[in-house]
Amino acid sequence: MARILITSAIPYINGIKHLGNLVGSQLPADAYARFMRARCNEVMFICATDEHGTPAELAAAKAGQPVAEYCAAMWQVQKDLSDGFRLSFDHFGRSSSLRNRALTQHFAGRLADAGLIREVSEKQVYSHADGRFLPDRYIEGTCPNCGYDRARGDQCENCTKQLDPTDLLNPHSTISGSTDLEVRETKHLHLRQSAMRDKLSTWIESKTDWPILTTSIAKKWLNDGDGLQDRGITRDLDWGVPVKRGDQEWPGMEGKVFYVWFDAPIEYIAATAEWADANGLDDSAWQRWWRTDMGADDVRYLQFMGKDNVPFHTLSFPATIMGSGEPWKLVDYIKSFNYLNYDGGQFSTSLGRGVFMDQALSILPADYWRWWLLTHVPENSDSEFTWENFQASVNKDLADVLGNFVSRVTKFCRSKFGEVVPDGGAYGAAEQAVMAEIATRLAAYETHMELIEIRKATAELRAIWVAGNEYLQVTQPWATFKTNPEAAAVTVRFALNLIRFYAVLSQPFIPDASADMLSAMQTDDDAWPTDINAALSALPAGHAFTVPEVMFAKITDEAREEMATRFAGKR
RNA sequence: GGGCCUGUAGCUCAGUUGGUUAGAGCAGAGCGCUCAUAACGCUUUGGUCGUAGGUUCGAGUCCUACCGGGCCUACCA
């Protein structure tokens with residue numbers, strides 16, 4: 001039994017996430033966590049909301065709520081949705097927790113003690129009307145290079161020239177529209193990532209088994225231009241972790257907070273501490289996952305994230321961990337994902353384009369979405385959601401191949417033998433042949449999951465379902481029942497056992513359907529199979545079962561067309 | 001501008017260190033079955049592997065150029 005720590009990138013607090021966000025980290029992480037638990041490993045699966053930063057403050061203002069109140073409400077919304085999608089986090093934390101506040105301040109203090117923090121005086125744009133400093137992209141004006149009148153302070157979208165806010169002609173705040181802006185001197189802390197460049201580079205170079213997507217992004221940042229740059233880790237905001245040096249005040253930093261990207265990854269650790277607190281456990285309970293001097297030396301730690309998160313997880317956060325000089329657990333494997341597009345374009349939160357998590361659950365059960373998303377997870381390149389593909393995939397795989405298998409077997413048995421596993425005869429050549437095929441495919445499925453090749457694993461699982469239908473075609477119990485009822489009994493007994501077996505193997509991907517199958521088979525034996533023969537004999541003759549309701553209703557053409565229209569844009 | 005990823009059947013994708021006739025699922029065609037959600041099974045039609053060169057006994061795989069798609073480029077997170 002291994003100990004496996006899994007973290008999913010933490011979703012930002014300002015609204016409901018779309019399916020592209022879900023499939024880019026939380027969902028594949030969940031399938032992996034479920035698989036690893038099923039294999040009897042000790043798993044700690046952590047997620048949280050990322051609550052700090054300017055967008056949260058603005059979203060709260062727009063909602064007319066204090067930011068803390070807004071975040072608390074949105075945390076509950078996101079928590080309910082993650083429950084709705086059956087995301088099996090051991091804890092779903094909040095980056096605004098006191099645990100994270102203390103840990104973030106602790107890390108900053110350690111980094112300062114190690115000489116890895118320097119104070120930098122820089123010029124920032126202050127908006128009097130908004131009463132705040134403005135991040136570069138919240139300032140718009142006319143591009144001095146091309147004359148485009150909606151160029152942002154960080155870059156002109158029209159000519160792609162990189163800009164400073166002070167370069168813009170006629171700059172104004174995108175929040176209030178005010179032109180009453182002023183450049184002010186302000187002091188900030190920078191993390192001296194450049195001082196750790198060689199150490200980080202050596203570490204990344206050693207990770208030869210990581211996805212190319214992960215390492216190529218890290219190497220780009222390490223080697224581009226003058227190499228890895230220092231990074232500001234504080235902001236002039238109200239909402240965030242107050243800047244402190246450990247538990248001491250930090251002279252000159254009064255009223256400032258840490259930058260979200262500094263405290264967000266630390267929340268992985270803090271959320272595990274929150275988990276311990278919530279379960280009435282002491283500090284050693286979470287430290288054994290995170291401190292290599294307190295039991296975490298045998299932990300395997302995996303992170304799941306979209307590609308946009310890679311620089312922070314391969315460089316900034318490791319710099320924080322390494323720079324602390326304390327024995328914190330470093331990540332062992334980073335699985336990164338490309339993007340999911342929506343029907344020829346991108347999902348867009350601002351335009352309301354695509355399907356959002358709350359809408360998805362209001363239309364169809366979680367398993368439908370989980371199955372489609374996990375069979376199309378963008379592991380190698382961006383992938384695309386279309387309603388036609390979704391309908392075809394779900395109807396064929398879930399309704400026809402799996403659902404109908406359960407239906408035909410249980411209904412046939414009920415009509416010929418009653419609602420009990422039939423007695424008589426013994427498994428023969430046909431059953432052995434199926435078990436041989438399944439054993440091969442199960443091994444492939446397990447290997448793919450261990451390597452986090454989710455798509456390939458789903459393909460094997462589907463093939464295992466198909467094997468059940470092939471088996472029925474070969475043995476034809478509806479025919480043998482007329483001449484040799486005992487042969488039909490063997491077939492049905494084996495097929496009923498396949499249903500339980502499918503429930504166990506399918507659980508990482510479609511947990512609700514899996515539970516329904518177990519319930520219909522009236523068993524709670526969900527042990528992962530090690531001996532195929534034994535696993536397919538778990539339900540003995542005489543064992544009672546029930547015929548389940550239709551497990552997966554099909555998506556009709558009319559419903560598909562209606563949904564395609566409804567989600568085309570403007571939420 | 002720079003960097004990275006990507007282009008394989010109508011669609012979605014596999015193709016391990018270059019090695020016989022390039023695979024799967026869906027869609028299409030034909031046949032079979034009738035227990036089942038008009039479900040299932042079998043067979044089968046589709047590809048000069050983005051284009052043009054090159055290396056090699058041999059290239060989907062390696063190199064170069066070009067074309068198309070995408071991402072990143074450090075103050076959104």
Side-chain angles (χ1 to χ4, degrees), chain A residues 9-14 50-56 58 122 124-125 133-139 152-155 159-162 164-165 188 193 211-213 215-217 219-221 223-225 228-232 235-236 259-261 264 306-312 315-316 338-339 341 346 375-376 378-384 386 388-389 391-393 395-416 453 455-456 458-459 462-463 466 468-474 476-479 481 488 491-492 495 547 549-554:
Chain A
I10 65 179
Y12 199 65
I13 194 72
N14 69 339
D50 178 13
E51 305 194 359
H52 296 137
T54 306
L58 297 179
E122 46 194 54
Q124 296 284 331
V125 176
F133 282 92
L134 297 176
D136 291 355
R137 70 169 47 201
Y138 287 98
I139 303 161
R152 288 193 322 213
D154 53 344
Q155 185 176 37
C159 68
T160 74
K161 185 176 173 61
Q162 308 222 2
D164 266 336
H188 281 294
Q193 298 186 139
I212 291 172
L213 185 63
T215 51
S216 66
I217 291 172
K219 287 175 186 174
K220 171 69 159 71
W221 282 56
N223 302 322
D224 198 38
L228 187 62
Q229 300 298 300
D230 294 346
R231 197 174 176 104
R235 292 290 183 274
D236 287 295
Y259 177 42
V260 272
W261 262 117
K307 56 186 169 187
D308 51 332
N309 278 322
V310 168
F312 305 100
L315 304 168
S316 308
N338 287 284
Y339 293 146
N341 290 316
Q346 295 192 337
T375 50
H376 294 80
E379 287 174 312
N380 296 317
S381 61
D382 291 354
S383 62
E384 176 160 324
T386 65
E388 289 78 10
N389 189 303
Q391 176 195 31
S393 185
N395 284 356
K396 191 69 193 175
D397 297 350
L398 297 181
D400 294 345
V401 175
L402 178 61
N404 182 56
F405 176 78
V406 172
S407 183
R408 66 193 296 202
V409 169
T410 53
K411 287 179 179 171
F412 180 80
C413 184
R414 178 173 63 185
S415 74
K416 307 300 184 196
E453 302 259 16
R455 276 194 193 215
K456 290 180 181 175
T458 60
R462 185 189 188 282
V466 167
N469 285 310
E470 290 170 349
Y471 167 74
L472 292 181
Q473 190 61 35
V474 169
Q476 301 191 48
W478 50 88
F481 182 76
T491 298
V492 170
V547 176
E549 297 298 311
V550 167
M551 290 175 57
F552 300 101
K554 292 201 191 190

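Values in this document were obtained by computation on a predicted structure and should not be read as measured data. Chain naming here is simple, since letters A, B, ... match the order of the sequence lines and numbering starts at 1 in each.
- Backbone-only engagement by V466(A) is indicated by non-hydrogen atom pairs under 4.0 Å involving sugar-phosphate atoms exclusively.
- Closest approach of T410(A) and S407(A) over heavy atoms only: OG1-O, 3.3 Å.
- Among the protein residues, S383(A) comes within range of the sugar-phosphate backbone only, with heavy atoms under 4.0 Å from sugar or phosphate atoms but none that close to a base.
- Stacking between F412(A) and C35(B) is absent: the aromatic ring centre is not both under 5.5 angstrom from the base six-membered ring centre and within 30 degrees in plane angle.
- Looking at R455(A), its side chain does come within 3.5 Å of a backbone N or O of H376(A) through a donor-acceptor pair.
- In this structure, Y259(A) reaches the A77(B) phosphate: one of its side-chain N or O atoms is under 4.0 Å from OP1 or OP2.
- Across every non-hydrogen atom of V401(A) and D397(A), the tightest pair is CB-O, 3.4 Å.
- Note on E379(A): nothing from the nucleic acid sits closer than 4.0 angstrom, heavy atoms only.
- Of the listed nucleotides (A74(B), A36(B), G2(B)), A74(B) has the atom at the smallest distance from the side chain of R231(A).
- OP1 or OP2 of C72(B) sits under 4.0 Å from a side-chain N or O of Y339(A).
- Nucleotide G1(B): paired with U73(B) (Watson-Crick or G-U wobble, both distances less than 3.5 Å).
- When both distances must be under 3.5 Å, the Watson-Crick or G-U wobble mate of A29(B) is U43(B).
- Of all nucleotides listed (C35(B), G3(B), C76(B)), C35(B) comes nearest to the side chain of Q473(A).
- Atom CD in E388(A) sits about 17 Å away from atom C1' in G28(B), given to the nearest Å.
- The nearest heavy atom of RNA chain B to L213(A) and to D308(A) marks one nucleotide each, and the one closer to the 5' end goes with L213(A).
- Checked by atom type and distance alone, the side chain of D50(A) never pairs as donor or acceptor with a backbone atom of V260(A) at under 3.5 Å.
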Would R462(A) and L402(A) satisfy side chain to side chain contact (heavy atoms under 4.5 Å, CB included), going step by step from the backbone distance to the final call?
-> CA-CA 8 Å; R462(A) 185 189 188 282; L402(A) 178 61; over 6 Å; no

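- Here the side chain of A392(A) is nearest to one of A74(B), C33(B), C26(B), namely C26(B).
- If you check every strand for non-hydrogen atoms under 4.0 Å, K396(A) touches sugar and phosphate atoms only.
- Within the nucleic acid shown, K219(A) has no heavy atom closer than 4.0 Å to any nucleic acid atom.
- Candidate nucleotides U37(B), C71(B), C26(B) were compared by shortest atom distance to the side chain of K411(A), and U37(B) ranks first.
- The interatomic distance linking W261(A) (CH2) with A74(B) (C1') rounds to 13 Å, in whole Å.
- Across all strands, P55(A) comes closer than 4.0 Å only to sugar-phosphate atoms, never to a base (heavy-atom distances).
- If you check every strand for non-hydrogen atoms under 4.0 Å, N338(A) touches nothing.
- Rounded to whole Å, the distance from NZ on K220(A) to P on G3(B) is 9 Å.
- Applying the Watson-Crick and G-U wobble criteria (two distances, each under 3.5 Å), A24(B) pairs with U12(B).
- Distance from the side chain of R408(A) is smallest for C35(B) among the nucleotides A14(B), A39(B), C35(B).
- When rounded to the nearest whole Å, the span between CD1 of I217(A) and P of C72(B) equals 9 Å.
- A donor-acceptor pair is defined here as one N or O able to donate and one able to accept, closer than 3.5 Å; no such pair exists between the side chain of Q193(A) and the backbone of L228(A).
- Side-chain atoms of Y339(A) never come within 3.5 Å of backbone atoms of E384(A) as a donor-acceptor pair (strictly under, hydrogens ignored).
- In terms of phosphate contacts, N395(A) brings no side-chain nitrogen or oxygen within less than 4.0 Å of OP1 or OP2 of C26(B).
- Comparing A77(B), U37(B), C72(B) by their closest approach to the side chain of M551(A) singles out U37(B).
- If you take NE2 of H52(A) and P of C76(B), they are 18 Å apart, rounded to a whole angstrom.
- A residue-by-residue look at E453(A) and R462(A) shows that E453(A) has its nearest nucleotide of RNA chain B further toward the 5' end.
- Taking a pair to require two hydrogen-bonding distances under 3.5 Å in either a Watson-Crick or a G-U wobble arrangement, G18(B) remains unpaired.
- Between the side chain of Y471(A) and the backbone N or O of V466(A), no donor-acceptor pair lies under 3.5 Å.
- Of the candidate nucleotides A74(B), U12(B), A14(B), U12(B) has the atom nearest to the side chain of H376(A).
- For R455(A), counting side-chain heavy atoms from C-beta on, the closest listed nucleotide (U37(B), G25(B), C13(B)) is C13(B).
- Within the nucleic acid shown, F552(A) comes within 4.0 Å of at least one base atom, counting heavy atoms only.
- Residue contacts for V260(A): at a heavy-atom cut-off of 4.0 Å it reaches the sugar-phosphate backbone alone, with no base atom in range.
- Residue-to-nucleotide contacts include no donor-acceptor pair under 3.5 Å from the side chain of N404(A) to the base of A39(B).
- Residue Q229(A) has its side chain nearest to A74(B) when only G2(B), A74(B), C71(B) are considered.
- Each of C40(B), C71(B), C35(B) was ranked by its minimum atom distance to the side chain of K307(A); first place goes to C71(B).
- Both distances falling under 3.5 Å, in either a Watson-Crick or a G-U wobble arrangement, place C62(B) opposite G54(B).
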